Amino acid sequence: MGKRISFIFGTRPEAIKLAPVILALKNDARFAIDVCVTAQHRSMLDQVLEIFNIVPDTDLNIMKPNQSLAEITSNAIARIDGYLVNSKPDIVLVQGDTTTVLAAALASFYHKIPVGHVEAGLRTFNKYSPFPEEINRVMTTHVAELHFAPTELSKENLVREGIAESKIFVTGNTVIDALLIAKEKIAGNPPGIDGIPESFMSGKDPIVLITGHRRENFGGGFESMCNAILELSKKFLDHRFIYPVHLNPNVREPVFRLLGSSPNISLVEPLSYLPFVRLMLRTKLILTDSGGIQEEAPTFGIPVLVMRDTTERPEGVQSGTVKLVGTEQQSIVGTVSELLLNDDAYQAMASAANPYGDGKATKRIIHHLAEYLGNI
Ligand code: UD1
Ligand code: UDP
């Protein structure tokens, strides 16, 4: 039997970004793959698993409504511990910076099982933004044995924290691999988009796509972002504002209260990945606090305005595809208006290159993984 690799993940973005690696390793006779989900997210995770035809070998099903950080961490560590006692993998792979990632890294460490960290080295250097992700990823770094950094800059962050260069591999971000798989699936068979009429997709009205879910924006941040979107919807009546609303109750309450009755705002449920990618392809501008979308949108030449005060993805800002606008109402309204009214400003952002990868991150990760596993 080949070396045993366990993937442990729990949320939508981890599933999207690990799917290409799982699919590639499943067809590689050198390895035996085991997939364990904490299901920190339930339906949003299942949407992704279904699209990529991934059936978990173990499902810990920990999600509770409006769960606290301590609840996720303690439940996930205890349940992953039980999983590792039985599965005894040669290595555990985790992705990103959710609480599942930290819990899986710690539980693996307690069993002296090496951890490979995909998307290692992202930093804002602000422990409360994003919260709790900055500390989740810093702690995961110091537990991990292999670090798959998406860019040179993320590698430099790790080196500065004392990680040996021989353990860091710059691979690009697997989100681009996932996006290219999705784009190909869509081209053959365009999926319907729940809540959005087909006539609208084939029409010409410009679309502004919105997502948001960061804990540090709960409360005042979300109120102010929603007020900005409301003001923009009144100013740009010929535009459609489409917002797939995250299932976190702290997001849904202000979004439905403030944006629920505007004629050109469509609030829809979280979209499955293929419909979401199809919608991105038809979108003029994205307003988001999401990490993954900052990396994906530049591939399609869509400008992204990030409604946060910090970003761990400065490469996008430097290359010109991404702008940080914060959560303050007038800043959001001013920047969006400029881009929708001034074509030169818009084109400058839309034509910049994507710094996050070439769709070959999976291949590079597997190459380094094979080398490592061959030597243990
Ligand atoms: C989590 C991650 C965040 C990641 C984000 C991606 C943590 C602490 N947060 O944030 O890093 O960027 O996912 O979306 O790891 N819910 C459902 N069904 C679902 C998913 C969520 O009902 O499929 C609701 C539940 O009430 C749940 C709540 O949303 O308790 C919050 O989920 P949680 O995973 O704690 O945080 P997110 O805000 O989703
Ligand atoms: N996404 C999706 N459906 C949606 C919104 C986002 O499939 O309704 C995808 C998006 O393309 C990206 C990922 O989910 O790949 C980002 O997840 P999220 O914003 O929840 O988390 P983050 O990247 O901020 O951790």
Side-chain angles (χ1 to χ4, degrees), residues 9-19 37-52 61-73 75-76 94-104 119 122 130-137 140 173-179 181-183 191 193-196 209-218 222 242-253 267-281 283 286 288-297 299-300 302 304 306-308 311-313 356:
F9 56 97
T11 69
R12 170 172 69 189
E14 294 162 75
I16 290 171
K17 290 171 169 180
L18 284 177
V37 294
T38 60
Q40 175 182 331
H41 281 174
R42 185 70 275 171
S43 58
M44 285 161 58
L45 172 74
D46 294 342
Q47 282 179 329
V48 183
L49 296 175
E50 196 186 325
I51 281 173
F52 290 102
N61 199 24
I62 67 162
M63 195 195 88
K64 296 206 168 81
N66 209 6
Q67 56 208 358
S68 71
L69 295 176
E71 248 176 329
I72 311 171
T73 315
N75 288 339
V94 294
Q95 193 285 331
D97 51 22
T98 69
T99 295
T100 286
V101 172
L102 174 61
E119 198 183 79
L122 277 63
F131 174 79
E133 290 84 358
E134 178 75 359
I135 292 301
N136 285 348
R137 58 198 175 209
T140 301
N173 199 307
T174 55
V175 79
I176 307 299
D177 307 32
L179 191 63
I181 297 174
K183 202 178 159 197
I193 300 176
D194 284 348
I196 305 297
L209 177 59
I210 301 146
T211 79
H213 66 81
R214 300 246 82 92
R215 281 177 192 250
E216 65 273 15
N217 287 341
F218 288 174
F222 263 93
I242 301 182
Y243 188 163
V245 189
H246 195 286
L247 292 178
N248 194 318
N250 301 287
V251 173
R252 293 174 84 76
E253 190 283 318
L267 301 182
V268 297
E269 293 304 313
L271 294 169
S272 191
Y273 191 49
L274 298 185
F276 188 77
V277 172
R278 182 173 171 226
L279 183 58
M280 273 203 282
L281 284 162
T283 288
I286 298 181
T288 189
D289 66 16
S290 160
I293 295 171
Q294 287 177 62
E295 296 156 342
E296 291 169 331
T299 295
F300 301 150
I302 309 164
V304 181
V306 179
M307 299 185 290
R308 291 173 49 187
T311 181
E312 57 291 279
R313 294 167 171 88
Y356 295 112

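Numbering of ligands and ligand atoms starts at 1, following listing order. Since this is a predicted model, take the numbers as computed values, not measurements.
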Problem - ligand 2 to H213 polar contact by distance, N or O atoms, under 3.5 Å - result: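 Between H213 and ligand 2 (N or O atoms, distance only) the closest approach is under 3.5 Å.
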Exercise for the section: Please confirm whether L271 comes within less than 3.5 Å of ligand 2 when only nitrogen or oxygen atoms on both sides are compared. Expected result: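 The answer is yes, given that L271 and ligand 2 share an N or O pair closer than 3.5 Å.
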Proximity to ligand 2 by part of [X], non-hydrogen separation under 4.0 Å:
X	answer
S290	both
M44	neither
I16	side chain
F276	side chain

Students should be able to answer this: which protein heavy-atom is nearest to [atom], and at what distance?
atom	answer
atom 10 (C) of ligand 2	E296 OE1, 3.4 Å
atom 25 (O) of ligand 2	P13 CG, 3.4 Å
atom 23 (O) of ligand 2	G292 N, 2.7 Å
atom 20 (O) of ligand 2	R12 NH2, 2.8 Å

Side chains of [X] and [Y] only: does a donor on one sit below 3.5 Å from an acceptor on the other?
X	Y	result
T299	E296	no
T38	T100	yes
N61	R42	yes

Residue pair [X] / [Y]: nearest heavy atoms and the distance that separates them:
X	Y	value
N217	M307	ND2-O, 3.2 Å
R252	P270	NH1-CD, 4.4 Å
I210	P244	O-CD, 3.1 Å

Exercise for the section: Calculate, to the nearest 0.5 Å, the distance between atoms OG1 and CD belonging to T98 and Q40 respectively. Expected result: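 Going from OG1 on T98 over to CD on Q40, the span is 5.0 Å.
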Problem - Atom pair CG/CD of L122 and E312 - distance to nearest 0.5 Å - result: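 The distance works out to 5.5 Å.
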Problem - Min side-chain heavy-atom separation I286-Q294 under 4.5 Å - result: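 No, every pair of side-chain atoms sits at 4.5 Å or beyond.
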Exercise for the section: Taking the side chain as every heavy atom from C-beta outward, state whether L69 and T99 have any pair of such atoms under 4.5 Å apart. Expected result: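 Answer yes - side chains close enough.
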Problem - Under 4.0 Å to a heavy atom of G291 - the qualifying atoms of ligand 2, by number - result: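 In order of number, 22 (P), 23 (O), 24 (O).
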Practice task
Could you list the atoms of ligand 2 found under 4.0 angstrom from a heavy atom of P270?
Solution key: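 In order of numbering, the contacting atoms are 8 (O).
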Handout entry: For ligand 1, the residues whose heavy atoms come within less than 4.0 Å (ordered by chain, then number)
Key =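 Residues near ligand 1: T11, P13, Q40, H41, R42, S43, M44, M63, K64, P65, N66, Q67, L69, I72, T98, T99, P132, E133, H213, R214, R215, H246, L247, N248, P249.
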Exercise for the section: Flag the pair E133 and R215 as a salt bridge only when some basic side-chain nitrogen lies within less than 4.0 angstrom of an acidic carboxylate oxygen. Expected result: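 No, no charged N to carboxylate O under 4.0 Å.
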Problem - E50 atom CD: more than 12 heavy-atom contacts under 6.0 Å - result: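 Not more than 12 within 6.0 Å, no.
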Exercise for the section: Determine whether any heavy atom of R214 lies closer than 4.0 Å to an atom of ligand 2. Expected result: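 Yes; R214 lies near enough to ligand 2 that a heavy-atom distance drops under 4.0 Å.
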